[in-house]
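One structure is given here, and the rest of the page talks about it.
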Amino acid sequence: MWVLLVLIGFSAVSAHQQDLAFDGQKVFHVILQNDEQVEIINSLASNMQVDFWQPHSVTLVRPKMQVDFVEADKSFEVEDLLKESGAEYRVLIDNLQAALDAQFDSKAHTTRHSYEKYNSWEMIAAWTADIAAQNPNLSCSVIGETYKGWPMYLLEMGKSGPNTKAIFMDCGFHAGEWISPAFSQWFVKEVTLETYGEDTVMTILLNSDFYVLPVVNIDGYVYTTNDRMWRKKPCHCTGTDPNRNFNAGWCTLGASKNPCDSTYCGSAPESGRETKALADHEHLSTVKAYLTIHSYSQLLLFPYKLPPIAETGKIARAASKQLASLYNTKYTYGPGARTIYPAAGGSDDWAYDQGIKYSFTFELRDTGRYGFILPETQIKPTCEETLLAVKHIANYVLEHLY
């Protein structure tokens with residue numbers, strides 16, 4: 001019906017020097033009110049190559065939903081179509097390449113790790129060894145290896161013992177969500193180097209056990225130096241979305257069996273090396289809370305089937321209030337499938353199925369102004385406010401052990 005050709009070029013992108021393959025591409029934010037407007041989005045997806053940011057697949061688009069997507073060189077036609085339909089929309093990013101360039105605080109190349117910059121995987125790997133060597137309350141182990149051969153480092157903070165209760169946090173499931181690994185590094189720094197002995201909650205954390213997996217999808221994270229907007233593992237038509245690969249409602253709602261889709265669930269549950277390594281973690285039985293960090297949308301989610309919802313909703317509400325207390329950043333909280341969209345095969349549902357009562361998903365800043373390309377200037381405030389929410393959840397869990 002509306003045949004437009006949109007070429008979404010995947011280009012060579014590095015942390016501080018990028019080709020202009022994204023030049024002129026626009027990011028649209030559309031609020032859909034009815035089935036007719038949903039059909040327009042479906043038609044666009046059928047007749048062109050559209051890169052959906054939120055939700056990640058056109059199959060999840062519904063009335064009363066906000067949809068963010070990228071188109072390359074037919075923006076005037078797309079805008080005319082949206083106007084004709086009466087859909088409420090705005091252009092979030094007028095030139096994606098310019099926004100990518102502006103993401104970095106400085107164009108100067110740096111080989112030093114920084115908590116306020118997006119570090120390369122090589123820097124993060126070296127940092128895990130360095131910070132573990134600096135702190136007697138921190139140890140580093142390898143729990144597996146990625147398809148490309150990168151070691152999966154797991155940081156363990158606190159006093160491990162046979163009866164020690166633990167909290168587990170994963171970061172970096174989706175390659176382009178750079179703020180997630182950035183938070184993992186900030187969190188470890190704050191717990192082990194900055195506030196121990198001064199902050200009561202942080203001290204309590206180190207008297208328990210806290211596991212942090214800084215980057216799950218290392219192969220994908222490395223690949224974003226070539227394609228900044230990449231999401232899953234780095235192979236277009238066989239790459240698995242690791243957060244659709246767990247044995248928790250595997251490959252049902254919110255996941256795709258098409259290997260070319262960004263939400264491809266894989267050939268079998270836990271077929272990916274990364275998900276298998278996480279699922280086989282030897283101390284899983286001690287974990288009492290599971291946190292998984294993503295972006296974007298400013299959401300705090302929990303599994304829909306998690307009982308009692310009244311308790312988890314209360315925790316999420318209080319954690320969101322703590323988060324907002326610093327910079328007034330507003331989060332929406334609730335069951336994931338109802339609050340955002342179904343995402344079968346995710347680590348949060350998997351954790352709950354393992355008997356971990358408290359399982360939460362964070363979707364960090366922002367709500368679409370920058371989306372996945374949050375500027376480095378926002379790393380510090382994002383991490384500071386998120387830390388408050390994580391501290392609240394962790395403290396609650398350790399006071400309500402089961």
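The structure displayed is predicted, hence computed values, not measured ones. Each residue takes its place number in the sequence, starting with 1.
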Is E311 salt-bridged to K357, cutoff N-O under 4.0 Å? yes

When you measure from the centre of the six-membered ring of [Y], is the NZ or CZ of [X] under 6.0 Å away and within 45° of the axis?
{"X": "K26", "Y": "F76", "value": "yes"}
{"X": "K288", "Y": "Y402", "value": "yes"}
{"X": "R228", "Y": "W178", "value": "yes"}

What I want to check is whether the side chains of [X] and [Y] have a donor and an acceptor closer together than 3.5 Å.
{"X": "Q185", "Y": "H113", "answer": "yes"}
{"X": "Y331", "Y": "E363", "answer": "no"}
{"X": "Y327", "Y": "E384", "answer": "yes"}
{"X": "S347", "Y": "D170", "answer": "yes"}
{"X": "S271", "Y": "N245", "answer": "yes"}

Heavy-atom distance under 4.5 Å between the side chains of [X] and [Y], does that happen here?
{"X": "L301", "Y": "D348", "answer": "no"}
{"X": "F52", "Y": "V67", "answer": "yes"}
{"X": "F360", "Y": "L291", "answer": "yes"}
{"X": "D68", "Y": "Y296", "answer": "yes"}
{"X": "I315", "Y": "Y358", "answer": "yes"}
{"X": "Y341", "Y": "L253", "answer": "no"}
{"X": "E190", "Y": "F187", "answer": "no"}
{"X": "S184", "Y": "I293", "answer": "no"}

Around atom OH of Y396, are there more than 12 heavy atoms of other residues, nucleotides or ligands at under 6.0 Å? yes

Between [X] and [Y], which heavy-atom pair has the shortest distance, and what is it?
{"X": "K232", "Y": "T240", "result": "CB-O, 3.3 Å"}
{"X": "I31", "Y": "Q37", "result": "O-OE1, 3.9 Å"}
{"X": "N119", "Y": "S114", "result": "ND2-O, 2.8 Å"}

Once rounded to the nearest 0.5 Å, what's the spacing between atom OG1 of T386 and atom CD1 of I179? 7.5 Å

Can you tell which of D241, D261, D51 makes a salt bridge (charged side-chain N to carboxylate O under 4.0 Å, His left out) with R231? D241

Validation: residues 125-136 side-chain donor-acceptor distances under 3.5 Å, sequence neighbours left out:
from: W127; atom 1: NE1; to: Y115; atom 2: OH; distance (Å): 2.8
from: T128; atom 1: OG1; to: A125; atom 2: O; distance (Å): 2.6
from: N135; atom 1: OD1; to: N137; atom 2: N; distance (Å): 2.7
from: N135; atom 1: ND2; to: T192; atom 2: O; distance (Å): 2.7

Here's a test for you: under side chain to side chain contact (heavy atoms under 4.5 Å, CB included), which of D101, L100, V70 qualifies with F22? L100

Before we go on, tell me: are the rings of H174 and F372 under 6.0 Å apart, centre to centre? no

Please state whether the rings of Y89 and F28 are parallel, tilted or perpendicular, taking 30° and 60° as the class boundaries. tilted

